[in-house]
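Step one of this worksheet: look at the structure below.
Chain naming here is simple, since letters A, B, ... match the order of the sequence lines and numbering starts at 1 in each.
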2 protein chains.
Amino acid sequence: MSTEPGARRRGVAETTAAIERATVELVLEHGYDGVTVDMICRAAGVSQRTFFNHFKTKDAALLGPDLPRIDERAAREFIVSDGPLLAEAVGLVRIDPSKLPGDAGLMARRIRAISGNPLLMARQMERLAEIEGELREIVELRLRQQALRAGADEAELAAIPDEAEITTHLLAGVMRYVGLTWSRRAEQGAPPPDGAEVADVLGRVLRKLA
Amino acid sequence: MSTEPGARRRGVAETTAAIERATVELVLEHGYDGVTVDMICRAAGVSQRTFFNHFKTKDAALLGPDLPRIDERAAREFIVSDGPLLAEAVGLVRIDPSKLPGDAGLMARRIRAISGNPLLMARQMERLAEIEGELREIVELRLRQQALRAGADEAELAAIPDEAEITTHLLAGVMRYVGLTWSRRAEQGAPPPDGAEVADVLGRVLRKLA
DNA sequence: ACATCCTAATGCAGTGACTGCAAGTATTGA
DNA sequence: TCAATACTTGCAGTCACTGCATTAGGATGT
C-alpha cells in the first residue's frame, strides 16, 4: 500500500513498544494535552488505526497496558497472617515486573510523565479500582479466619462483609499514598518506599486514629 | 434567527435546570453511553453550543454543577476536637443542600443514574480529589494541635506532614465508602447512613487494623 | 422614547479521540 | 505452492468539545 514494506515489518511486541516509547517521550516534552494521537503515530511510524489496535485509548498508551494484578501466593499468606492488615495488604498488589528488565529507563520516564499530570494519576487509580472486588474477597476471608480463631459469635460474623468493604476502601487509600510517594521519590532518584517504611507511618497513624 | 423567541426566553437557572433534568431522565432511560449531547439538547430545547455554555462536559450535566465544599465551621470544630478522627472528618465534606428543596426528586433520580455506572462513580470520586489538598491542611492542623498538647518533640512534629497525607488518603477511602453506602441505600428507599453508624463500623475496623 | 450595553442563545466550522468495515500484504503451515 | 493467518492500513463516520462571530431580548441611563 505504501512504499514502505507495508505490514508485519516487526512483531506485535515491537510495534507496541515503539508506540509506548513515542508516547512517553512526547508527553514528557509537550505535556499530555499537547500531544495528539497523530503525533504519536508519526513518531512511532504507524497509522492511527494501528495505534488504536494496540491501545484502547490514548491514556493506555501512556500508562502501559498492564493492569495491576493480585499476587496469588501473597494472597494465601495474607489470609492466614496475623500482622498489621493494611501494611501487609499493600504487598498483595504486584506491579508486573515483566516489563522492567527490558526497559527500566522507560518505566522511570513513564512515571515522570504520569506524575506530572494529576488527571493521569487519578486515571491510574481508576485502574486500581478494577481489582477492588478481588481485594475485598481476600480481606473478607482473612477477617473471617481471624474471627473464627477468636471464637466470634454470629453477630460478629454478620458484620464482617461490611468491615471488609470499608477496609478495602481504606486500603485503596493506602495504595494511593504508596503510589504517590513512590512516584515522588522516583522523580528525585531516591529509592522507593519499602514495606517496612509504609508499615511504620501507617502504624503510627492508625494508633492516633483508633 | 429561529422562529422561536430566540434568546433570553428564560433565566439562566431555568435553562440549566432544564438541561440537568433532561440529562438525568435520558441517562436513566438509555444509560450514559446511550445518550448523546445532541439528544439532551433536543430534549431540553437548547442548542449544543448552549449546552456547553452551561456545562463544561457531558459528565457535569449529569453529576450536577456543584463541587463538594468544606464546611468552614465544621473545620474549626474538627481541628480542636479530640474524638475519632476519621469519623469526625466525614462531617467536613458538605453536600450543598441548596439544590435539594427545589427538586428533591431529581437528586434521587440523579443518584440512581450515577450509581448505575461504575465509571461515573469514579468520576464523581475524582471531584472529591479536588478538595483533597484543603482536607490535608486541615488534618495537619489538627494533628499538630494534638501533638503540641501532648508535648511532642521535634521528631514527632516533623513526621506530621507525612501522617497528614496518609490520613487524608485513608479519609478519601472512608468517604468513598460512605458515598457508596449512601447511594446503595437511596436505591432501596432506606435512610442514608448517619455519622454514628459510620463511626461505629469504622471504630471496630480500626481496632482490628491497628 | 431612544440609543446603548449586556447577556443568553445560536450557528458554523474545526479539532481530536475513537470505531467499524473492508481491503492489502507479509508470514506461516500444510 | 496455496491457503490460512496475523498485522497493518485507509476511509468514512460519530461524538465530545472549542473558538469565533452574530443575533435577539432585556435592562439601563438620559
Side-chain angles (χ1 to χ4, degrees), chain A residues 1-24 26-27 29-63 65 113 117 119-120 122-123 126, chain B residues 1-24 26-27 29-65 113 117 119-120 122-123 126-127:
Chain A
M1 195 164 283
S2 66
T3 60
E4 285 293 304
R8 186 72 63 87
R9 52 178 172 281
R10 47 190 169 192
V12 201
E14 277 79 24
T15 304
T16 301
I19 296 175
E20 280 183 36
R21 253 179 285 123
T23 306
V24 170
L26 285 172
V27 169
E29 189 175 357
H30 303 106
Y32 184 75
D33 289 328
V35 176
T36 71
V37 172
D38 277 337
M39 290 167 66
I40 299 172
C41 293
R42 271 195 297 277
V46 297
S47 73
Q48 206 198 47
R49 200 60 190 79
T50 296
F51 176 96
F52 284 113
N53 283 340
H54 284 257
F55 294 95
K56 278 197 69 157
T57 64
K58 187 176 132 184
D59 295 354
L62 179 58
L63 301 178
N117 187 329
L119 180 76
L120 289 174
R123 207 59 58 88
E126 278 181 35
Chain B
M1 195 163 283
S2 67
T3 61
E4 284 293 306
R8 188 71 62 89
R9 54 176 171 282
R10 48 187 170 192
V12 200
E14 277 78 26
T15 304
T16 301
I19 295 175
E20 281 184 35
R21 253 179 285 124
T23 306
V24 171
L26 284 172
V27 169
E29 189 175 355
H30 303 107
Y32 184 75
D33 289 328
V35 176
T36 70
V37 172
D38 277 336
M39 290 168 65
I40 299 173
C41 292
R42 272 194 297 277
V46 297
S47 73
Q48 205 199 46
R49 201 60 190 77
T50 297
F51 177 96
F52 283 112
N53 284 340
H54 284 257
F55 294 95
K56 278 198 68 159
T57 64
K58 187 176 133 185
D59 294 354
L62 178 59
L63 301 178
N117 186 330
L119 180 75
L120 289 175
R123 207 61 56 89
E126 277 182 36
R127 293 178 135 195

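- Closest to the side chain of K58(B), from the set dA16(D), dG11(C), dT8(D), is dA16(D).
- Listed pair H54(B) / dA8(C) fails the phosphate criterion, with no side-chain N or O lying under 4.0 Å from OP1 or OP2.
- Taking atom CG of residue D38(A) and atom P of nucleotide dA17(C), one finds them 7 Å apart after rounding to whole Å.
- Distances shown here put every side-chain N or O of T36(B) at or beyond 4.0 Å from the OP1 or OP2 atom of dC15(D).
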Practice problem: Step by step, work out the side-chain contact (heavy atoms from CB on, under 4.5 Å) result for H54(B) and V12(B). | Solution: CA-CA 9 Å; H54(B) 284 257; V12(B) 200; 3.7 Å; yes
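- Smallest separation of non-hydrogen atoms from F55(B) and I19(B): CE1-CG2, 3.6 Å.
- Between T15(A) and dT8(D) there is a side-chain polar atom (N or O) within less than 4.0 angstrom of OP1 or OP2.
- Among the nucleotides dG11(C), dT9(D), dC17(D), the one closest to the side chain of Q48(B) is dC17(D).
- Proximity note for F52(B) (side chain, C-beta onward) versus dC17(D), dA17(C), dT9(D): the nearest is dC17(D).
- Dashed line: the shortest gap from a side-chain N or O of S47(A) to OP1 or OP2 of dT8(D) is not under 4.0 Å.
- In this structure, N53(B) places its CG atom 10 Å from P of dA8(C), rounding to the nearest Å.
- When all heavy atoms of F51(B) and V46(B) are compared, the closest pair comes out as N-CG2, 4.5 Å.
- Of the listed nucleotides (dC20(D), dT8(D), dA16(D)), dC20(D) has the atom at the smallest distance from the side chain of R49(B).
- Between the CG atom of L62(A) and the C1' atom of dA17(C) there is a distance of 15 Å, given to the nearest Å.
- Separating the CG atom of D59(B) from the P atom of dA16(D) is a distance of 11 Å, rounded to the nearest angstrom.
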